[in-house]
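Note that the structure is predicted; figures quoted are calculated from it, not measured. Position 1 is the first residue of the sequence, and the numbers go up from there.
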Amino acid sequence: MVNLTIDGKQITVKKSATIYEAAKEAGIDIPVLCYAKKLLPYGACRICLVEVEQMKGRLIPSCTTPVTEGMVVKTTSPDITKVRKTVLEFLLVNHVVECPVCDKAGECDLQDLTFQYEVVKNRFEGEKFNLPTDEVNPLIERNMNRCVLCGKCVRVCDEIVGYGSYSFINRGFETKIATAFDRGLNCEFCGQCVSMCPVGAILPRPFKFKARPWQLSEVDTVCGYCGNGCTVTLGVLNDKVETIRFNDKTGVNDGNLCIRGRFGYGYIHHDDRLRKPLIRKDGQLVEAEWNEAIEAVVKGFNKAGNEKGLGILSGARMTNEELFLLKNLAKTLGTGNLDHSGGECYKGLTEGLMETLGVKASTGTFPQVESCDAILAIRSDFYETHPVFGMVVNQAVKRHDAQLFIVSDKKGKFSKLPHAKTLLGKPGTEIQILNSMAQVLLSEGLAVTDGVEGVEELKAALAKYAPADVAERTGVSVDAIKAAARALAGAKKSAILLAYGLPYAAHSKELAIAAANLSILTGNAGREGSGLYLCGEKSNSQGAIDLAILPEAGAMGAKDMLEAARNGNLSALYVVGEDLLTSYPDRDKVEAALKGLSFLVVQDIFLSPTAQQADVVLPASSFAEKDGTFTNAERRIQRVRKGVSSPGDAKTDFEIFELLSARFGRNISYTAPAAVFADIAANVAEYAGIQLDAVGPQGVVWGGDDLALKKKRVVAVDGPEAPQGDFLLVTGSSLYHSGTMSTRAKGSLSVVAEPYIEFGQEDAKKLQVTDGDVVTVKAEGGQIKLKAKVDRRLPQGVVFAPYHFASAEINRIYKGASAVAVELSK
């Protein structure tokens, strides 16, 4: 620690702090334009100049100068004020003065500083810029006439996002920030540059002219998309979410957001939101009042209970409190047939982890990953499913020289990071590659085996996974397999990342076990600062696992329920927040299952394809319309807060479950989600002792930063062979969408508006396919048509199609396998 004096105040701070950071910690304000806490020190704007007694004769930038023992700093004086005014005058020489029409008015740092330092006239004269405004893309507007060259946009895009869209071009008076060849912006549109820009040079187009900042009320809540659990701040005006605002003071994301988090919320106020309950009458769904709808549900469920039973399938975007009520409602209804995903994905992963480590969650926290020496990401889609966690990986690689290995069937953004090694294997062979890495660890004596059960059995089983054999079967080189294994074994801190969700149902238990085996053998498991990360697809996937939204012993999970319905052995299904027909594998089977039911209830915010088949549709609320908690993929429990009212007569899932419970004779006395959370803490071991009031801005990580493991047991699992065929189709997430909800979000749709099938350049050339061509895809007795997109990341023989779009009907041919052999034709 270092002791210094700032403006007469004695301060003790870390020796790594700068003067600016020390002053901020002491509550002393120093003006800045180019500083941001998550970016490296830069010192471009010079507005933060201060005096240091030991450095008499000159002013120094506080944001780049480290503190030293005994330093005496003065942050204000007539000389400092004079220099800051001069700096502002220089900035305003070329800066346009158009505050009346600038969307940044009221929250512009330059405007505030000009006011604070009373720069009412300018001693300097200069030519104003007249640069064209970039309005080519739908989401981000760039008006470089307003730019103050602080470089925050350049740095955040490079340091945090790892995309590098911007750079400084030209010199002297002509210096400006631009894209390559000074073209229009064409990036992943995360909007990080928008949040960093201190002036009105980079603005979010969807929010332009919607409101002035002082008109907005701000509501901190948690993003409703993926399991990263980013804090978002809703900017609300007249009961409408007008903006998603930058907030680096709460949550795990340090203000970072992806395109979905920042621009993907148009669905909250979408015209197609369900506003009234619907009941099927004479074959048509017609609007009804809640009493009538609830009565219809009660009648249908009672009838099912007396026939072949009821099943419940849930999404994973409800709050913990709602999931807890749903589980209790299932008990009230007398059914153990409860699950929260299609196939065996979630169930398999948790079973695999329990069998090896005795836990069912990630063992570390996201911030720990930034200081890891080695990172293994299983599936390159990881950045596309969890982009903000991907930004943490970017920083680990770029700032701390972490070695990054990616086991995947295609290249992705991670593959472009410095020195990243992609173990590019044939689709569906990830388990073989992980097994081979385990075999290397054991055969080379690198494995940590003290206190580990099952080592000899595993060693014997891995004999067929020698790198040479696996290389032949998967296409990954022997050297790459050995290098990845040795790097993980040699790391002091390591992270193993695995994303899961509906499109990744195949061999999920085996994959979890193979990843856990590696975690154990490399010493990753249970070591402080290291971790195995299982990242769920949806905002509360981990909460659904914690709350045991899973079948009771002897009862049916999702796959079995659909099979039973298809065979006429299940009478009714209650689907809550899930669109089975679009997102579940094997659409034909799902259709047959729904037809096999005598009664279907769907609770959702849109009339999805599944809801269109229902007998009763109950209109629910989005995440922005409710209170409660989510638990993210690192076990962090965070507060979800209501920002706006639900449309029409829509109710929260909490309210709907209360209504149904009461009608089935179990009156719920909870006054609010806080009361339910107390009950969760009393009934769910992982949440014991946690009080909702203690869930502050950073949330509470149940189990602590390093989750204590209950055992270390390696288990042998076999990895499947890659399917045979000239072309293999893999499906999964695309960066711009999450599940099916984002396909109602204008922001996401403005970048990726429709389904597509992606080709590598060589295959596209071979098939004479170009962007926009309509391609027929045949497989598994089904046939679909998709527009072609040609890119560079796919190896020969592999094509990719995202699963989000209902119109694509990918699940006509995707039945849940890792890859599908397909025939392609124009």
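Tyr803 meets the ring pair (Phe, Tyr, Trp, His ring centres under 6.0 Å) test with no other residue; sequence neighbours excluded. In terms of the side chain to side chain donor-acceptor pair (under 3.5 Å) criterion, Thr429 has no residue partners (sequence neighbours excluded). Listed by chain and residue number, nothing satisfies the side chain to side chain donor-acceptor pair (under 3.5 Å) test with Thr740 (two or more places apart in sequence, or in another chain). Residues passing the side-chain contact (heavy atoms from CB on, under 4.5 Å) test with Lys38, sequence neighbours excluded: Val156, Ile160, Gln192, Met196, Phe246, Asp254, Asn256. In this structure Phe606 satisfies the ring pair (Phe, Tyr, Trp, His ring centres under 6.0 Å) test together with His270, sequence neighbours excluded. Under the side chain to side chain donor-acceptor pair (under 3.5 Å) criterion, Thr743 pairs with no residue at all, not counting sequence neighbours. The ring pair (Phe, Tyr, Trp, His ring centres under 6.0 Å) search around Phe805 returns His737, not counting sequence neighbours. With sequence neighbours excluded, the residues satisfying side chain to side chain donor-acceptor pair (under 3.5 Å) with Thr776 are Lys785. Qualifying ring pair (Phe, Tyr, Trp, His ring centres under 6.0 Å) partners for Tyr533, counting only residues two or more places apart in sequence or in other chains: Phe389. Among residues two or more places apart in sequence or in another chain, the salt bridge (charged side-chain N to carboxylate O under 4.0 Å, His left out) test is passed with Lys176 by Asp182.
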May I have the list of side-chain donor-acceptor pairs in residues 816-826 shorter than 3.5 Å, sequence neighbours left out?
{"from": "Lys826", "atom 1": "NZ", "to": "Gln768", "atom 2": "O", "distance (Å)": "2.8"}
{"from": "Lys826", "atom 1": "NZ", "to": "Asp773", "atom 2": "OD2", "distance (Å)": "3.4"}

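Residues in residues 392-432 take part in these ring-ring contact (aromatic ring centres under 6.0 Å, His included) pairs, two or more places apart or across chains: Tyr383-Phe414.
Cation-pi geometry between Arg142 and Tyr166 is not satisfied (NZ or CZ under 6.0 Å from the ring centre, within 45° of the ring normal).
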